[in-house]
Chemist: 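Starting off with a structure, shown below.
Computed from heavy atoms alone, side chains included, the values below leave out hydrogens, waters and symmetry copies.
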Amino acid sequence: AAASTRVEELEAELKRRQETIDLLLWRLQHVEVAVDELDEEDELKIREALEQTLPHYDVMEYELTLKPGVENVGNCDGHYCRDSQLGNICGKPVYVNKFKRRFIAA
């Protein structure tokens, strides 16, 4: 009985999180504000809301792509793999694109 109650609680939590994620995705699709136009306080609020809502995963790699119509000024697009030997930067794991000799901390 306790196990089924726990399963029900987890399913309810998952449903709540999925509804929140769906709402955030809808807002992202319908908001016409460029990320560059957000001030630091708004960006912090968005990050905190996402961190509280989204499950945390141990991400091992990223693929960065350009938005349509954007110039590749920093040449930072491409595949980045986590490099645990480099430690962390500001508490964030380091990901390296060895081909382009670039890194990100995310």
Chemist: Would you say that Val94 contacts Gln85 through its side chain, given a criterion of any heavy-atom pair below 4.5 Å between the two side chains?
Modeler: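 No, their side chains stay 4.5 Å or more apart.
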Chemist: Supply the atom-to-atom distance Asn97 CG to Glu63 CD, rounded to the nearest 0.5 angstrom.
Modeler: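 Output value for this atom pair is 8.5 Å.
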Chemist: Of the non-hydrogen atoms in Pro93 and Arg82, which two are nearest, and what is the gap between them?
Modeler: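 Result for this residue pair: CB-NE, 3.4 Å.
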Chemist: Calculate, to the nearest 0.5 Å, the distance between atoms CG and CD belonging to Leu14 and Glu9 respectively.
Modeler: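 Leu14 CG to Glu9 CD: 13.5 Å, rounded to 0.5 Å.
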Chemist: Work out which heavy atom in Asn75 is nearest to a heavy atom in Arg102; give both atom names and the distance.
Modeler: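 Shortest heavy-atom contact: O-NE, 3.6 Å.
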Chemist: Hey, are Arg16 and Glu19 close enough for a salt bridge, meaning a charged N less than 4.0 Å from a carboxylate O?
Modeler: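 Not counted as a salt bridge, because no side-chain N and carboxylate O are separated by less than 4.0 Å.
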Chemist: Does the side chain of Phe103 come within less than 4.5 Å of Ile89's, by heavy atoms?
Modeler: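 Yes, side chains in contact.
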Chemist: What are the two closest non-hydrogen atoms of Cys76 and Leu64, and how far apart are they?
Modeler: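 Scanning both residues completely, I find the closest heavy atoms to be O-CD1, 3.6 Å.
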Chemist: Is any side-chain heavy atom of Glu13 less than 4.5 Å from a side-chain heavy atom of Arg17?
Modeler: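 Touching, per the 4.5 Å side-chain cut-off.
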Chemist: Less than 4.0 angstrom from a charged side-chain N to a carboxylate O is my criterion; do Glu11 and Lys15 meet it?
Modeler: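 Looking at Glu11 and Lys15, the cut-off is not met.
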Chemist: Within a reach of under 6.0 Å around NZ of Lys100, are more than 12 heavy atoms found that belong to other residues, nucleotides or ligands?
Modeler: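 Above 12, so yes.
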